[in-house]
Amino acid sequence: MTLQALLFDVDGTLADTERDGHRPAFNQAFKDAGLDWHWDVALYGKLLAVTGGKERMKHYIDHYRPDYRKPDNFDTMVVELHQAKTRHYAALAARGGIPMRPGVERLLIEARGAGLRLAIATTTTPENVTVLLEHSLGAGTADWFEVIAAGDIVPAKKPAPDIYHYALRKMGVDAADCLAFEDSENGLRASLGASLKTLVTVNDYTLEHDFSGAAVVLSDLGEPGTPTRVLTGPDLGQPFVDVAYLRALHAN
Ligand code: XBP
Ligand code: MG
């Protein structure tokens with residue numbers, strides 16, 4: 001059991017994409033289509049219980065809009081709305097509008113230097129991952145990840161473990177030799193379902209989630225000068241998460 005690879009969730013983990021990235025992109029797509037659907041910050045927090053943008057829209061209609069009469073082509077309409085939403089999100093991300101969370105860039109650079117293998121396991125659409133990485137982390141950084149497992153590549157989204165199983169299979173690595181990084185309960189259920197030790201960094205939408213089973217729950221990865229806070233789990237006595245911290249956590 002040696003630490004060989006790190007698997008990262010994207011939304012909420014690498015960057016705070018939900019409130020000011022995905023949410024306004026959905027709202028713009030709804031508006032462009034002449035729909036009176038609008039997701040404010042609080043409602044979006046509730047809708048996040050359902051992963052996947054298309055699945056989230058259907059959930060919204062089924063649970064919050066009993067007044068809405070679905071057209072016969074509702075499924076196609078949702079797919080098209082989601083494509084429009086993805087274009088809006090990509091434009092926002094391409095303007096560099098979504099910064100990486102504290103410590104993410106520093107840790108990725110150190111991990112690469114230490115020979116750790118990197119992968120992504122996310123529910124979001126593949127284009128969203130590439131555009132975010134290339135514009136917020138830097139040109140060429142999508143290539144830092146040997147596998148980008150994303151979106152509809154597996155039919156069952158998080159909290160199902162399928163996306164993690166897919167990434168592990170592609171990498172040919174044992175779950176026992178990896179660590180996963182997540183920010184949400186659904187994400188943690190997925191990583192734990194794939195037997196991955198998981199480090200959680202919370203955000204405003206996920207603070208109250210149930211993170212039982214996580215190896216550690218932190219405020220963020222921390223930076224020199226702005227230390228991380230341990231919310232649950234062992235205090236490894238380091239002000240920020242670096243590769244030495246990850247090796248200690250993995251061996252713990
Ligand atoms: C992310 C999601 C995604 C995003 C929106 O969850 O659930 O649906 O909110 O992206 P996780 P899409 O961080 O657990 O992977 O609209 O492309 O689905
Ligand atoms: Mg997430």
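Just so you know, ligand 1 is whichever comes first in the structure, and atom 1 is the first atom listed for that ligand. Treat the numbers as computed from the prediction; the structure is a model and nothing was measured.
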### Message
Is it true that, when you exclude R189 itself, more than 12 heavy atoms of the residues, nucleotides or ligands shown sit nearer than 6.0 Å to its CZ?
### Response
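Enclosed.
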For [atom], closest protein heavy-atom neighbour:
atom: atom 18 (O) of ligand 1; answer: G53 N, 2.7 Å
atom: atom 10 (O) of ligand 1; answer: T124 OG1, 2.7 Å
atom: atom 14 (O) of ligand 1; answer: K158 CD, 3.4 Å
atom: atom 11 (P) of ligand 1; answer: D9 OD1, 3.3 Å
atom: atom 1 (C) of ligand 1; answer: D11 OD2, 3.3 Å

Any idea which part of [X] is under 4.0 Å from ligand 1, heavy-atom wise: side chain, backbone, both or neither?
X: N128; value: side chain
X: F26; value: side chain
X: R56; value: side chain
X: Y205; value: neither
X: T123; value: both
X: K54; value: neither

Would [X] and [Y] pass as an ion pair if we require N to O under 4.0 Å?
X: D40; Y: R23; result: no
X: R106; Y: D242; result: no
X: R65; Y: D36; result: yes

### Task
Using the side-chain hydrogen bond (donor to acceptor under 3.5 Å, both in side chains) rule, pick out the option among N186, D9, T51, T122 that qualifies with K158.
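The side-chain hydrogen bond (donor to acceptor under 3.5 Å, both in side chains) with K158 is passed solely by D9 among N186, D9, T51, T122.
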Considering only heavy atoms of [X], which atoms of ligand 1 have at least one such atom less than 4.0 Å away?
X: T125; result: 12 (P), 17 (O)
X: K85; result: 5 (C), 10 (O), 12 (P), 16 (O), 17 (O)
X: T51; result: 7 (O)

So for [X], does at least one of its heavy atoms come nearer than 4.0 angstrom to any atom of ligand 1?
X: G52; result: yes
X: Y44; result: yes
X: K157; result: no
X: T122; result: yes
X: V10; result: no

#### Entry: Within less than 2.8 Å of the Mg ion (ligand 2): protein N, O or S atom count
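Counting protein N, O and S atoms closer than 2.8 Å to the Mg ion (ligand 2) gives 3.
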### Message
Please determine whether residues L14 and L116 belong to a single hydrophobic cluster, defined as Ile, Leu, Val, Met, Phe, Trp and Tyr linked transitively by side-chain heavy-atom distances below 4.5 Å.
### Response
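L14 and L116: one cluster.
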To the nearest 0.5 Å, tell me how far [X] [atom1] sits from [Y] [atom2].
X: I148; Y: T130; atom1: CD1; atom2: OG1; answer: 5.5 Å
X: N73; Y: K70; atom1: CG; atom2: NZ; answer: 12.5 Å
X: E80; Y: T76; atom1: CD; atom2: OG1; answer: 6.5 Å

### Task
May I ask you to decide if the ring planes of F30 and W39 are parallel, tilted or perpendicular, using 30° and 60° as cut-offs?
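Ring orientation of F30 relative to W39: perpendicular.
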### Message
Which label fits H22 and F26: parallel for a plane angle under 30°, tilted from 30 to 60°, or perpendicular past 60°?
### Response
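The arrangement is tilted - the two ring planes meet at 30° to 60°.
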Using a 3.5 Å distance criterion without hydrogens, assess whether the side chain of [X] forms a donor-acceptor pair with backbone atoms of [Y].
X: H135; Y: V131; answer: yes
X: Y205; Y: V41; answer: yes
X: T125; Y: G151; answer: no
X: S136; Y: I98; answer: yes

### Query
Between F181 and T13, which heavy-atom pair has the shortest distance, and what is it?
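Nearest heavy atoms, F181 then T13: O-CG2, 3.7 Å.
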### Message
Any nitrogen or oxygen of E182 lying under 3.5 Å from a nitrogen or oxygen in ligand 1? Just yes or no.
### Response
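By distance alone, the answer is no.
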